[in-house]
Protein chains: 2
Amino acid sequence: MHATIQSQTRADDAFDCLQTAIVKGDLAPGEKIGEIELCARFNLTRGPLREALGRLESRGLLVRRPHAGVKVVSVSADELIELYHIRETMEGLAARQAAERMTDAEIADLYATLDSHETMIEQAHGQAYYQGEGDYDFHHRIATGSRNAKLAQMLLGDLYYMVRMYRYRLSTSAGRPHKALGEHRRIVEAIAQRDGELAEFLMRRHINAARKNIEQKIREGVLDI
Amino acid sequence: MHATIQSQTRADDAFDCLQTAIVKGDLAPGEKIGEIELCARFNLTRGPLREALGRLESRGLLVRRPHAGVKVVSVSADELIELYHIRETMEGLAARQAAERMTDAEIADLYATLDSHETMIEQAHGQAYYQGEGDYDFHHRIATGSRNAKLAQMLLGDLYYMVRMYRYRLSTSAGRPHKALGEHRRIVEAIAQRDGELAEFLMRRHINAARKNIEQKIREGVLDI
DNA sequence: CGCTTATGGATTGTTGACAAAATGGGCTAT
DNA sequence: ATAGCCCATTTTGTCAACAATCCATAAGCG
C-alpha cells in the first residue's frame, strides 16, 4: 500500500499517508514512532516527513515533545464524548446553513446518497460500510453544503479524523444503522424544505443519539479506550 | 523585534513569529511572501521555516499553491461574519461547560479580570485595550475553563487568531466596550451560579451582538475588507 | 543494596547544497 | 500591434551530511 501516486508534493503524500495510517489504526494510539522508521515505511526522506509531522501535530493527531520524538495521540473515553459535544453544535450550525444555501442539485445528490446507503444496508447488512464511509459521506456533504469555509475546514480537517480514528474499532449496535438512516432522511427532508431551524434541531438530536450510543458502549465495557 | 528567546526549537520560534506577524498585520492579508525573504526577516534557515509554514497553512492562516509560494490568507467580509457564526455555537458550548466545570478559584479569577477591565475602560477610555486584549483574555479563560481540550484548541488555536487578525484594524463603536463589559459580567454571574443553560444563552447573545456590530460597520463602509 | 550520576548511543533538530517547477520577459509570427 | 510561444531566472521542493539534545545503561558512592 505504498501510495506512489505522487499527487502534488512529497510532503503532501507523507501527510496523507500518515493521516490515513493513524485513522485506520495502522499506527496505534499512544504508539511512539521514530522518524527514520517512518521514512523507511513510506519511502520518504526526513525533510518532507518532518513537514508532514508538523502539520499532523498542529491538527492534534500527533503529540510531539521536543527532542524526544512524536507519538500518536491517544484519546480517552471522556475526550471522545467531548468530541461529540463539539460535533453536536458545529454540525447543527452546518445543517442550518446547508438548508439555507445548498443548491437543488446538491440536495438531489444528497437524496441519491441516502438511497445508495439504504441498499447497502439491506444487501450486505452493510453495517460496516454504513458505519464507516457512508455516514462520513453524509456528514461530509452537509459540511461542504454549508458554504461556510472555515466550518467545513474544522469539521472535515480536524474533528472527523479524530472521530474516525475510533469509529474503525467501534462495532455498531444492532439496529443503529437503520435508525441512523431514518434520522439522516429526516434531516435531508428538512433541508429540502429549506427549514434551517428544523434541520439544526434534527442534526443535533442525531448526533446526540450517536453520543448516547457510544456512552452506553463505554458503560458496557465494550470499548476499552 | 527579533525574538531571540530561543524558546524550544527554531521551528516553534518561526511559528510564533509568523503567527503574531500575521495577526498584528505586519504581514498584510493577501501579501505574497517568499521564503528567502522571510528567512532574512526572522534570522532563520529554510528548514524550520518551511515546517512553520506548513503548520500555519494547516491552521488556515496561510494558503499555499505548490511550487508557487505562500500568501497570507485574506478573509472576505462574508467569511468574517461566518467566523462569528461559528464562535456563537462553539463559545456557547464552552460557556455551558465552563459553568458546569470551572473551579471556584477560576471563577474568582474571572471576577477579578472583569474588575480590572472595568478600571481599564474608565481610566483611559481604554477602548483599545478592552477591544484588543481584554476581550480576548475573557474568552480565553472561558474556553480553557470548559475542560474540553479539543474545543479549547479549536477556539484558541484556530478561530481566535483569525478573528484577531481583523480586530486589530477594527475601530470599536462608541458605547460598545461598556455594553460588552456588562454582557461579560452577566455571563460570569451565570457561571458562578452554575447555570449552564443561561451561560450558553448569554454567551450566544453576546457574540451575536458583536457580529451585528460588525455587520453594521461593513454596511457603513467603515470596514474595507 | 539503593540512589545518584556520568557516559555512550541513538534520535532529533538544523544546515547548506542540489534538482524541479513556475512566473515573467522577450521574441516571433500572424 | 497583438497574441502565442519559448527560454531564462527565480523560487520552491528535496536531499544528505552535521550538530545538539535526550534516554538508557552502567558505574560509583552513600
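All values below were derived from every heavy atom in this structure, side-chain atoms included, with hydrogens, water molecules and symmetry-related copies excluded. Lettering of chains follows the sequences in order, A, B, ..., and the numbering in each one begins at 1.
Taking the six-membered ring where the residue is Trp, H206(B) and H184(B) present perpendicular rings, their angle passing 60° and hence far from 30°.
Residues R55(B) and D12(B) are paired through a salt bridge, judged by an N-O separation under 4.0 Å between the basic side chain and the carboxylate. With respect to E35(A) and R50(A), a salt bridge is recorded, a charged nitrogen being found less than 4.0 Å from a carboxylate O. The pair R59(B)-D158(A) does not count as a salt bridge, with every side-chain nitrogen at least 4.0 angstrom from each carboxylate oxygen.
In terms of heavy-atom proximity, Y166(B) sits nearest to V75(B) at OH-N, 2.9 Å.
Separating the CD atom of E37(B) from the P atom of dT12(D) is a distance of 9 Å, rounded to the nearest angstrom. Separating the CD atom of E51(A) from the P atom of dT12(D) is a distance of 12 Å, rounded to the nearest angstrom. Rounded to an integer number of Å, the gap from H67(B) NE2 to dA22(C) C1' is 9 Å. For the pair D13(B) CG and dT14(C) C1', the computed distance is 13 Å after rounding to whole Å. Distance E35(B) CD to dT23(C) P: 15 Å, rounded to the nearest Å. Spacing between atom CG of L49(B) and atom P of dT11(D) amounts to 14 Å, rounded to whole angstrom units. Atom CD in E57(A) sits about 14 Å away from atom P in dT12(C), given to the nearest Å. The separation between I36(B) atom CD1 and dG13(D) atom P is 12 Å, rounded to whole Å.
OP1 or OP2 of dG13(C) lies within a sub-4.0 Å distance of a side-chain N or O belonging to R50(A). The phosphate of dT21(D) has neither OP1 nor OP2 within less than 4.0 Å of any side-chain N or O from R65(A). Between R10(A) and dC15(D) there is a side-chain polar atom (N or O) within less than 4.0 angstrom of OP1 or OP2. An OP1 or OP2 oxygen of dT14(C) is reached within less than 4.0 angstrom by a side-chain nitrogen or oxygen of T9(B).
Proximity note for A68(B) (side chain, C-beta onward) versus dT23(C), dC23(D), dA21(C): the nearest is dT23(C).
DNA chain D is contacted by both R46(A) and K32(B); K32(B) maps to the nucleotide lying nearer its 5′ end (nearest heavy atom per residue).
G47(A) comes within 4.0 angstrom of no nucleic acid atom, judged by non-hydrogen atoms across all strands.
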